[in-house]
Engineer: 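Okay, handing you the structure first.
The analysis underlying the following values was restricted to heavy atoms, covering all of them including side chains, and did not include hydrogens, waters or symmetry mates. Counting begins at 1 with the first residue of the sequence.
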Amino acid sequence: MLEKIALQKNLITKEQCTAALNACRGAKNMEMALKDYFISKGLIPVRQMKQLVSTFQAVKIMKRNAVFGTIAVKLGFIDNTLFQKEMARQKHAAGKNAVPKFIGELWVKNKTISKDQFIKILRIQEKRPATPKGPKKTPPAAPGTKKEDPAVQAPTPPVPETPSPDEPAPDDPLSDAPDHSLVKELSGGLILEIDNQGMNAFIKKTDAFDDTVSPAELLETITENDIFYGVVKEKELEGFIRSSGFKEKPFKVAGGKEAQLGKDARIEYYFDTDHLKAGGFDEEGNIDFKERGEIPWVEEGSLLAEKFPMKEARSGYNIFDQMLEVPPVSDIPLRYKSGVLPSDDDLKLYAETGGHPRLSWSGNVQVVDTFVVKNDVDYQTGHLEYSGDIDVKGTLKSGFRVRGHTVRINTADGGEIRAEGDVTIVNGVNDAAIYARGNVKAKFIQNSKVFCLGNLTVDKEIVDTTIESSGAVIIPNGEIISSNITANMGVFTRHLGTEKSVANTVTVGVDAFTEKELKTIQKRITGSELRIEQIREKVQALKKDIRGLHQATSRLAHELDMARDEGIALGKKASSKGDEKAPAGLKSQLQSNKALFSRLDKDLNRYFDRIEKNENRILELEMEQEQLEDELEDLQYELANFTEWMEINPGLAEVRVTGRVTTGTTVKGPNASREIADKLSNVKIKEILSSKQGEEGYKIQINENIKR
């Protein structure tokens with residue numbers, strides 16, 4: 001690019017440009033080689049070269065800014081109008097010989113984009129794969145994996161992860177920088193040495209050193225080699241010239257500024273955030289159910305979580321005045337809700353009371369207790385809604401709902417269950433609707449709807465039921481009859497269908513639950529943002545009305561004072577003549593004055609009432625806005641965590657049946673489907689990518705006689 005700019009500025013001819021490219025071909029640093037060539041051949045003077053280098057750097061940054069901004073706009077992080085304005089401003093600055101700045105850093109500093117967004121754009125710009133901040137997250141394994149694979153787990157909210165102090169440090173972002181190492185003989189009997197990182201430059205005298213050189217001339221010789229940053233002062237150069245000791249030892253003539261790698265903030269949780277395990281597989285490949293583990297319990301005052309603050313990153317400069325960029329670091333808020341108290345420095349969270357610690361999908365730590373209902377949920381109890389855990393010893397009756405964190409019910413005979421965590425039905429489920437952001441477990445399910453983020457585990461049978469699960473559907477000793485099932489991590493059952501029932505439709509490797517959840521969260525975010533904007537506009541209108549009312553009250557108060565003074569004067573005048581002898585005109589004036597005073601007083605009080613009413617309404621709206629902003633922050637964290645969950649759990653398009661599969665059963669994957677034409681037994685059915693006659697395509701493959 002440097003030679004093109006030189007050509008455009010008519011500093012060199014086309015022939016000279018071609019000769020320069022041929023001479024410098026194969027150089028490690030093409031731009032630096034071209035600069036040396038142009039100066040050594042006397043084609044471009046040093047001063048013009050400095051201007052050329054500045055232009056080159058400006059063009060380079062502008063191109064980088066254009067790519068960065070375009071990606072930011074496409075990702076929806078930046079409005080295109082803002083991007084174009086910034087580019088126009090930088091072009092204007094470049095026109096005045098000012099080197100533009102990288103807009104990514106500018107936008108991070110003024111909080112136009114977040115540091116996480118900055119990193120994401122950079123990765124796309126540099127075409128590098130995303131690197132997790134901590135240990136690689138492994139999605140829950142599906143039933144049927146080998147012994148060494150992890151057991152199927154209920155999904156838990158993504159926990160911010162960072163390497164422990166014992167882990168190796170991340171790769172140096174500057175490790176792929178060009179090699180700047182150089183040993184070069186300069187005019188005047190000098191040897192110039194530059195280290196490979198371009199961070200230090202040294203000069204040594206030879207026997208041919210010209211001791212009549214001035215510090216200014218020596219400084220010019222140094223800068224002719226593109227060394228501009230951290231150069232020593234002329235006074236120090238004068239000492240070098242006079243000293244006789246720098247033939248044996250080098251003199252440091254320039255030094256760069258080291259970049260400092262930052263460190264992401266991290267949060268360490270001191271309670272089990274993944275304590276509910278589902279069934280896995282034993283050594284023989286059989287489904288091995290484990291009882292639900294003990295729910296963690298903490299005492300009052302227990303330390304729940306601790307935040308380790310981030311360490312800011314700092315860019316550096318080499319001796320060529322080139323910025324050494326380092327990846328920005330990200331911060332994590334330590335978020336909490338009910339049952340939790342923060343430390344004075346807001347870096348630790350403690351249990352305010354004894355209870356079960358939880359980490360929600362919005363990243364909030366809270367401590368909840370269990371609400372126990374000894375009887376049925378019916379007309380006597382009404383609907384149950386509780387922020388903690390709910391344990392119903394009786395039956396959930398039709399027409400009633402239970403909403404809690406985790407829900408445990410003896411029997412569900414109709415009704416609706418919604419849980420932020422797991423749902424456990426000790427016996428069976430009939431004609432009920434279940435939504436859970438965790439696992440669901442029951443003995444049997446009939447004529448119901450189940451939507452869950454985790455695994456659905458059933459002991460006996462699933463009949464006439466619609467299921468959408470981000471995990472797996474597991475019924476190892478029972479059967480699935482006349483049901484429509486979508487399971488992202490596969491279906492694992494003893495029997496699939498019966499001869500006399502309506503055929504099942506099974507979709508695997510598709511995460512319908514999370515897709516709907518993301519749409520719902522995004523819809524709520526849009527609704528909250530719209531309502532917040534409406535509140536802001538309403539508050540502005542009310543404040544404008546209050547300003548107008550204050551102006552009106554000031555005017556009315558002045559008129560009221562004048563009416564009062566006039567009334568006093570008229571009263572004195574009437575008293576001096578006696579009430580009986582007062583002229584009719586004076587009496588009329590007094591009556592008019594009283595009427596005016598009364599009207600003004602009523603208007604003034606009415607305005608004051610309106611002001612008070614508006615102020616109270618503003619207070620109500622601001623409280624609603626604050627609550628909405630808190631909810632919006634939770635929703636944004638949920639959206640990010642569910643998106644991450646979906647990315648690290650691509651799904652398993654597999655159905656495994658150890659017993660029979662009846663004809664008419666439809667098995668679907670993300671890209672293919674197949675209706676089972678023949679009765680099968682002991683099979684694995686999965687979607688695969690196959691090649692046929694040179695063309696690739698997806699199909700549903702059946703493998704028989706799998707190991708039990």
Engineer: How close do N439 and N455 get, heavy atom to heavy atom, and via which atoms?
Structural biologist: OD1-N, 2.8 Å
Engineer: More than 12 heavy atoms of other residues, nucleotides or ligands under 6.0 Å from CD of Q534: is that the case?
Structural biologist: yes
Engineer: Do N641 and L639 touch side chain to side chain, with heavy atoms closer than 4.5 Å?
Structural biologist: no
Engineer: Tell me whether D389 contacts the main-chain N or O of D369 through its side chain, where contact means a donor paired with an acceptor under 3.5 Å.
Structural biologist: no
Engineer: Where is the tightest heavy-atom contact between T493 and G478, given as atom of each residue plus distance?
Structural biologist: OG1-O, 3.5 Å
Engineer: When the ring planes of F642 and W361 are compared, do they come out parallel, tilted or perpendicular, using 30° and 60° as the limits?
Structural biologist: parallel
Engineer: Walk me through whether F371 and Y386 qualify under ring pair (Phe, Tyr, Trp, His ring centres under 6.0 Å).
Structural biologist: CA-CA 8 Å; F371 178 61; Y386 185 58; 5.6 Å; yes
Engineer: Once side-chain hydrogen bond (donor to acceptor under 3.5 Å, both in side chains) is applied, do any residues pair with K443, and if so which ones, sequence neighbours excluded?
Structural biologist: none
Engineer: Hey, is E517 close enough to R437 for a salt bridge, meaning N to O under 4.0 Å?
Structural biologist: yes
Engineer: Check the pair I480 / I475 against side chain to side chain contact (heavy atoms under 4.5 Å, CB included), numbers first and verdict last.
Structural biologist: CA-CA 8 Å; I480 300 173; I475 178 168; 3.8 Å; yes
Engineer: Should we count CZ of R401 as having more than 12 external heavy atoms under 6.0 Å?
Structural biologist: yes
Engineer: Test your reading of the model: is there a side-chain donor-acceptor pair from S448 to the backbone of I445, 3.5 Å cut-off?
Structural biologist: no
Engineer: Any idea which heavy atoms bring I521 and E638 closest together, and the distance?
Structural biologist: CD1-OE1, 3.8 Å
Engineer: Taking the side chain from S469 and the backbone from G471, do they hold a donor-acceptor pair closer than 3.5 Å?
Structural biologist: yes
Engineer: Compare all side-chain heavy atoms of E312 with those of K263 and state whether any distance is below 4.5 angstrom.
Structural biologist: no
Engineer: Which atom pair, heavy atoms only, marks the closest approach of L621 to K538?
Structural biologist: CD1-CG, 3.5 Å
Engineer: Under the criterion salt bridge (Lys or Arg N to Asp or Glu O under 4.0 Å), I'd like the reasoning laid out for D391 against K374: C-alpha separation, chi angles, the key distance, then a yes or no.
Structural biologist: CA-CA 8 Å; D391 188 355; K374 295 183 178 180; over 6 Å; no
Engineer: With sequence neighbours left out, what residues match K307 under side-chain hydrogen bond (donor to acceptor under 3.5 Å, both in side chains)?
Structural biologist: D331
Engineer: Evaluate the side-chain proximity of D376 to L396: yes if any heavy-atom separation is below 4.5 Å, no if none is.
Structural biologist: no
Engineer: When you measure from the side chain of R660 to the backbone N and O of G497, does any donor-acceptor pair fall under 3.5 Å?
Structural biologist: yes
Engineer: When you look at L628 and I535, which way does the side chain to side chain contact (heavy atoms under 4.5 Å, CB included) test go after all the steps?
Structural biologist: CA-CA 10 Å; L628 281 168; I535 289 173; 3.7 Å; yes
Engineer: When you compare the side chains of Q366 and Y336, does any donor N or O come within less than 3.5 Å of an acceptor on the partner?
Structural biologist: no
Engineer: Indicate yes or no for a side-chain donor-acceptor contact from T526 to the backbone of Q522 under 3.5 Å, with no hydrogens or angles considered.
Structural biologist: yes
Engineer: Using the side chain to side chain contact (heavy atoms under 4.5 Å, CB included) criterion, which residues pair with S343? Sequence neighbours excluded.
Structural biologist: D345, K348, Y350
Engineer: Please determine whether a side-chain nitrogen of the Lys or Arg among R266 and E268 lies less than 4.0 Å from a carboxylate oxygen of the Asp or Glu.
Structural biologist: yes
Engineer: Going by atom types only, do N430 and D413 share a side-chain donor-acceptor pair under 3.5 Å?
Structural biologist: no
Engineer: Just wondering, do M310 and S330 contact through their side chains at under 4.5 Å, heavy atoms?
Structural biologist: no
Engineer: Walk me through it: do L349 and L341 pass the test side chain to side chain contact (heavy atoms under 4.5 Å, CB included)?
Structural biologist: CA-CA 6 Å; L349 298 180; L341 288 174; over 6 Å; no
Engineer: Among L496, N484, I485, V491, whose side chain to side chain contact (heavy atoms under 4.5 Å, CB included) with N504 holds?
Structural biologist: L496
Engineer: Any carboxylate oxygen within less than 4.0 angstrom of a Lys/Arg side-chain nitrogen, looking at R531 and E529?
Structural biologist: no
Engineer: Show the numbers, then the answer: is there a side chain to side chain contact (heavy atoms under 4.5 Å, CB included) between D634 and K337?
Structural biologist: CA-CA 11 Å; D634 284 348; K337 285 199 171 180; 2.6 Å; yes
Engineer: Ignoring hydrogens and geometry, is there a side-chain-to-backbone donor-acceptor pair from D378 to Q380 under 3.5 Å?
Structural biologist: yes
Engineer: Could you work out, with side chain to side chain contact (heavy atoms under 4.5 Å, CB included) as the rule, every residue matching Q627, not counting sequence neighbours?
Structural biologist: E631
Engineer: Quick one: salt bridge (charged side-chain N to carboxylate O under 4.0 Å, His left out) pairs with a partner in residues 461-470, sequence neighbours left out?
Structural biologist: E468-K516
Engineer: For the pair R358 and E420, find out whether any cationic side-chain nitrogen is under 4.0 Å from an anionic carboxylate oxygen.
Structural biologist: no
Engineer: Output the distance between atom CZ (F492) and atom OG1 (T658), rounded to the nearest 0.5 Å.
Structural biologist: 11.5 Å
Engineer: With sequence neighbours left out, write down each residue that passes side chain to side chain contact (heavy atoms under 4.5 Å, CB included) with V426, or none if nothing qualifies.
Structural biologist: R408, N410
Engineer: Would you check if V508 and V510 make a side-chain contact, meaning some heavy-atom pair closer than 4.5 Å?
Structural biologist: no
Engineer: Closest approach of G421 and A436, non-hydrogen atoms and distance?
Structural biologist: O-CB, 3.5 Å
Engineer: Which heavy atom in P357 sits nearest to a heavy atom in L304, and how many Å separate them?
Structural biologist: CB-CD2, 4.2 Å
Engineer: Check whether any side-chain heavy atom of I546 lies under 4.5 Å from a side-chain heavy atom of E615, and answer yes or no.
Structural biologist: yes
Engineer: Is it true that R418 and E385 make a salt bridge, defined as a side-chain N closer than 4.0 Å to a carboxylate O?
Structural biologist: no
Engineer: Are E533 and R536 close enough that some pair of their side-chain heavy atoms sits under 4.5 Å apart?
Structural biologist: yes
Engineer: Kindly say whether V502 contributes a backbone atom to a donor-acceptor pair with the side chain of S482 at under 3.5 angstrom?
Structural biologist: yes
Engineer: Is a side-chain donor or acceptor of N364 paired with a backbone partner of S360 at a separation under 3.5 angstrom?
Structural biologist: no
Engineer: Is there a donor-acceptor pair under 3.5 Å between the side chain of S483 and the backbone N or O of I481?
Structural biologist: yes
Engineer: Show your working on side chain to side chain donor-acceptor pair (under 3.5 Å) between D511 and S470 and close with a plain yes or no.
Structural biologist: CA-CA 5 Å; D511 196 348; S470 290; 2.4 Å; yes
Engineer: Taking the side chain as everything from C-beta on, heavy atoms only, tell me whether H383 gets closer than 4.5 Å to V402.
Structural biologist: no
Engineer: Hey, does the side chain of T465 reach the backbone of I462 with a donor-acceptor pair shorter than 3.5 angstrom?
Structural biologist: no
